[in-house]
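Some notes on the structure that comes next.
Proteins get letters first, then strands, A, B, ... in listed order; numbering begins at 1 in each.
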Amino acid sequence: MDSSRAAGPTHKIENIVATVNLGVELDLEQLAERLPVAEYNPDQFPGLILRLTRPRISALIFRTGKMVCTGAKNETDLKNAVHALVKLLNDNGADVPLNPEVQVQNIVASGSLNAEVDLEQAALLLDNAMYEPEQFPGLIYRMTEPRVVVLIFGSGKIVCTGAKSEKDVAVAVQRLYDRLKELGVLYVEEGGGAEAEEAEEEE
Amino acid sequence: RLRKWQTRARVQTSYERNFVQAAQELERLKSSMGVPRPCVEQALEIYRQALEKELVRGRSVEAMAAAALYMACRMLKTPRPLDELIRYTKASRREVARCYRLLLRELNVRVPISDPVLYISRVAEQLKLTGDVVKTAIDIINRAKKAGLTAGKDPAGLAAAAVYIASLLHGDNRTQKDFAVAAGVTEVTVRNRYKELAKALDIKIPVK
DNA sequence: GCTTTAAAAAGTAATCT
DNA sequence: AGATTACTTTCTAAAGC
């Protein structure tokens, strides 16, 4: 019963985009021939597309030896996928180092503020906010520190994107929650009708 | 001294040429889609500011003019849905929307948040509905806002559903499709909003 | 600016049964 | 009337047009 009020925000990492520098030039034509599952249409896109299953991670592989991995939900899956990709490339005529440099470029997370949001009020009170329900149901909020973009929906569900680390996501979500709470635009169902959520007493 | 004159002449010429082009495009949009004259004048003012802040660089005159008109109509409380506007422009929805966001961010303008009430009169006018129906529809929208049912929803869809319910309550009813077409949304959207509003606001529709 | 990849949110839309 | 699929918004890197 004590934990019933002010549940606070929650979030989950949904997608990690990372770049990998394999350090050697690659023969994409040869790779495409040996890997029938690969997609390679240089007229359409200069990268070769490889899709791994379990976990479902996709890779864009370029002539220069640089690679983009998308779809991972955690760093472990990402690292394993990179190792699997390196082995796959080496088994098909390439000669790339076993432990290439991996850089996380973007993290997408979904989450919930566990409170409904008055988007119209939030749009008026927040700076760098755009709310255009004719075009998209979510309010687009550009946070400067950390530098992320959060999509906020009336239900309290959110999407945070642009983060470079999991910590950025956690900080951004908590900061957003605190800011919306102080603006009085968060609402919880009970307590005698739509009433602004009561501030949590900090000791 | 000669180079200075040439530069000045060139700048003025390009600015004026672009502005005249935009004015012609806005005039064309006005006559083809029946936009009120004040909206066109407001759009011209917005376009002039965009030109001064060099926001038109690399963008088509058509897309920026359409975005300026969309913004002007909303500022003067006579909104036109973006999807209706782009049917009269050769610019893509994507580019007009991008120009609009650029104008929103770069110009110090306050564009009122899209209000379903503003779409009610448009729908009512097209369907020649009575003032009582409009009054009831506005009341429905206001109650929906208080109940927190409007967040994220297309104002045109909300207006169509409110007017549909209002006309049902006032007897003379028409099909959901009539309201959908008048508001520029699908019947499915009108139906979804109608069900949601009727249930949440506990509105009893007389069966006849 | 575009092309391609992944992912979520909630709304709207097109198509099929 | 549903159900399904698909598109809207946000982000990010890659190489080339």
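DNA chain D lies under 4.0 Å from at least one heavy atom of each of the following residues of residues 180-204 of chain B: R191(B), K195(B). Residues of residues 108-116 of chain B having a heavy atom closer than 4.0 Å to DNA chain D: none are found. Looking at residues 12-19 of chain A, you'll see E14(A), N15(A), V17(A) sit with a heavy atom under 4.0 Å from some atom of DNA chain C. Taken residue by residue, residues 142-158 of chain A places heavy atoms nearer than 4.0 Å to DNA chain C at L151(A), F153(A), S155(A), K157(A).
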Report task. Dot-bracket for DNA chain C, please, read 5' to 3', with Watson-Crick or G-U wobble pairs under 3.5 Å on both distances, ( ) within the strand, [ ] crossing, | other strand, . unpaired. Result -> ||||||.|.||||||||

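With no hydrogens or angles considered, no side-chain donor-acceptor pair links Y177(A) and N114(A) at under 3.5 Å. A donor and an acceptor atom, one from each side chain of E62(B) and T89(B), are nowhere located under 3.5 Å apart. In this model, a donor atom of one side chain and an acceptor atom of the other lie less than 3.5 Å apart for Y119(B) and E134(A). Side-chain contact check for D178(B) and T175(B): at least one donor-acceptor pair (N or O, by modelled atom type) lies under 3.5 Å. With 3.5 Å as the limit, one finds no donor-acceptor pair spanning the side chains of N192(B) and E196(B).
Note: S110(A) OG to N15(A) CG = 11.0 Å, rounded to the nearest 0.5 Å.
A side-chain donor-acceptor contact under 3.5 Å links S60(B) to the backbone of A63(B). At least one donor-acceptor pair closer than 3.5 Å links the side chain of N74(A) to the backbone N or O of D77(A). Judged by distance alone, the side chain of D154(B) and the main-chain N or O of A156(B) form a donor-acceptor pair under 3.5 Å. No donor-acceptor distance shorter than 3.5 angstrom exists from the side chain of T78(B) to the backbone of R74(B), with no hydrogens or angles considered. Looking only at distances, no side-chain donor or acceptor of R122(B) sits under 3.5 Å from a matching main-chain atom of A182(B). Without hydrogens or angle criteria, Y131(A) side chain to G152(B) main chain gives a donor-acceptor distance under 3.5 Å. A donor-acceptor pair under 3.5 Å is absent between the side-chain atoms of D95(A) and the main chain of N90(A), judged by distance alone. Using a distance-only test at 3.5 Å, with no hydrogens or angles considered, a donor-acceptor pair links the side chain of S155(A) to the main chain of K157(A).
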**Report entry** Audit row: E132(A), Y100(B), side-chain hydrogen bond (donor to acceptor under 3.5 Å, both in side chains) steps and yes/no
**Finding:** CA-CA 11 Å; E132(A) 295 284 330; Y100(B) 172 64; 3.0 Å; yes

Requested in this report: Starting from the C-alpha separation in whole Å, work towards a yes-or-no answer on salt bridge (charged side-chain N to carboxylate O under 4.0 Å, His left out) for R147(A) and E145(A).
Outcome: CA-CA 5 Å; R147(A) 194 178 179 85; E145(A) 188 54 50; over 6 Å; no

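At a threshold of 4.0 angstrom between heavy atoms, the contacts of I49(A) are confined to the sugar-phosphate backbone, with no base atom among them. Looking at heavy-atom distances under 4.0 Å, R98(B) makes contact with sugar-phosphate atoms alone, never a base. Among the heavy atoms of the strands lying under 4.0 Å from G152(B) are primed sugar atoms or P, OP1, OP2 only; no base atom is included. Residue-level contact check: R93(B) touches neither bases nor backbone, having no heavy atom under 4.0 Å from any strand.
Closest non-hydrogen pair, I140(B) versus A166(B), comes out as CD1-N, 4.1 Å. Across all non-hydrogen atoms, the minimal contact from G157(B) to V185(B) is N-CG1, 3.9 Å. The minimum heavy-atom distance linking A172(A) with V148(A) is given by the pair CB-CG2, 3.7 Å.
The interatomic distance linking Q105(A) (CD) with dA13(D) (P) rounds to 6 Å, in whole Å. With rounding to whole Å, L176(A) atom CG is found 17 Å from dT10(D) atom P. For D83(B) and dT8(D), the CG to P distance is 12 Å, given to the nearest whole Å. When rounded to the nearest whole Å, the span between CZ of F45(A) and P of dA13(D) equals 13 Å. Atom CZ of F62(A) is separated from atom P of dC17(D) by 14 Å (rounded to the nearest Å). For the pair N21(A) CG and dA15(D) C1', the interatomic distance rounds to 14 Å; values are reported in whole Å. In this structure, CG of N41(A) is placed 19 Å from P of dA15(D), rounded to the nearest angstrom. Spacing between atom CD1 of I86(B) and atom P of dT8(D) amounts to 12 Å, rounded to whole angstrom units.
dT8(D) and dC2(C): their P atoms are spaced 12 Å apart (whole Å). Annotation: dA15(D) and dA7(C) have their P atoms spaced 23 Å apart (nearest Å).
Residues F136(A) and F153(A) place their aromatic rings such that the two centres sit under 6.0 Å apart.
Each of T70(A) and R94(B) lies near DNA chain C, and the nucleotide nearest R94(B) is the one positioned closer to the 5' end.
The nucleotide whose nearest atom lies closest to any side-chain atom of F136(A) is, among dT8(D), dC11(D), dA13(D), dT8(D).
Read 5' to 3', the first and last nucleotides of DNA chain C with an atom closer than 4.0 Å to a heavy atom of chain A are dT3(C) to dG11(C).
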